[in-house]
Amino acid sequence: MSSAKHIAIIMDGNGRWAELQGQKRVKGHEEGAKIVKTITTYCSLNPDIDRLTLYAFSTENWKRPRLEVEFLMKLLERYLKNELPVYLQNNVKLETIGDTKAFSKSLQKTIAKVKEKTANCDGLVQSLALNYGAKDEMLRAINILKKEKDDISETMLSDALDCKHSVDLLIRTGGDYRLSNFLLWQSAYAELVFTDTLWPDFSTQELEEILKKFTKIERRFGGLK
Ligand code: IPE
Ligand code: IPE
Ligand code: MG
């Protein structure tokens, strides 16, 4: 029996969820943030799970209308400020992957503050992918490494990435079957689960079912049974 220590989620479908209810897309992001809290709390109480990496904003999401991008930035800041006591209560440490230097100074400060305050939490690590793209992550790592070495090994590249941890289970909500530039290196041997459920409708029950199925999977990593 294997357990999923590192779960990564592409939280997709917020906009469609809102549109289906005749609401503006941003309402879906607001509801989505509530599910982030629910799923993070659930994972923090499951001792088998060490790390939860959540795709919150991609390097490509800047292409969206300015107002939606601005809303997402404000929502993220509000979320982090409000959730700090919840992180602490559940012993959750915040980490981020992606290039957050593109964010406003105020948002960068809030991220840094929550990271600092949760630095000693030794339960679940919640890693938020913010202005994250796997290609950008790999290029940044390679450009740093090439200054030091000509011959780059797998371990060296792995250690130079923002996310240094291989993914056991990658879930995408929202009904599409693609990775959208998320954790391409780290998901080399991840089990992939695609669900039609839109992110604001995702639940701990559905996650539990996915985890139950995961324990029955035989992971061979290229070897034999
Ligand atoms: C995912 O939901 C959240 C972000 C990308 C920030 P979407 O906003 O992509 O929702 P859909 O896919 O348009 O429904
Ligand atoms: C992926 O969703 C990014 C996040 C969930 C943050 P998108 O909605 O941006 O992906 P595409 O455009 O459908 O591939
Ligand atoms: Mg989408």
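What you see below is based on every heavy atom in this structure, not just the backbone, and it leaves out hydrogens, waters and symmetry mates. Indexing begins at 1, ligand by ligand and atom by atom, following the structure's order.
In summary, the atoms of ligand 2 found under 4.0 Å from a heavy atom of R178, numbered by their order in the structure, are 11 (P), 13 (O), 14 (O).
Counting only heavy atoms of the protein, atom 14 (O) of ligand 2 lies nearest to S180 OG, 2.6 Å. Looking from atom 6 (C) of ligand 1 to the surrounding protein, the closest heavy atom is A56 O, 3.4 Å. Scanning all protein heavy atoms for the shortest distance to atom 1 (C) of ligand 1 gives M11 O, 3.0 Å.
The Mg ion (ligand 3) has D12 OD1 as protein N, O or S atoms under 2.8 Å away.
Closest non-hydrogen pair, L75 versus H29, comes out as CD2-O, 3.4 Å. Between Y87 and C121, the closest heavy-atom pair is O-SG, 4.4 Å.
One finds the CG atom of N181 at 6.0 Å from the NZ atom of K135 (value rounded to the nearest 0.5 Å). Between atom OH of residue Y132 and atom OG1 of residue T59 there is a gap of 9.0 Å, rounded to the nearest 0.5 Å.
Residue contacts with ligand 1 leave out G174, since none of its heavy atoms falls under 4.0 Å from the ligand. Under a 4.0 angstrom heavy-atom cut-off, E19 registers as lying outside contact with ligand 1. Ligand 2 has R172 within reach: a non-hydrogen atom of the residue lies less than 4.0 Å from it.
Below 30°, between 30° and 60°, or above 60°: for F182 and Y55 the angle between ring planes is below 30°, a parallel geometry.
Within the 4.0 Å cut-off (strictly below), no protein heavy atom is located near atom 12 (O) of ligand 2.
With a 4.5 Å cut-off on side-chain heavy atoms, H6 and L169 do not count as touching. A heavy-atom distance below 4.5 Å is found between the side chains of L52 and I7.
With distances taken over non-hydrogen atoms, the option nearest atom 7 (P) of ligand 1 out of V69, L198, D12 is D12.
The N/O atoms of G15, backbone and side chain alike, include one that comes under 3.5 Å of an N/O atom in ligand 1. Considering backbone and side-chain N/O of N61, one or more are found under 3.5 Å from N/O of ligand 2. Checked by distance only, ligand 1 and R64 come closer than 3.5 Å through their nitrogen or oxygen atoms.
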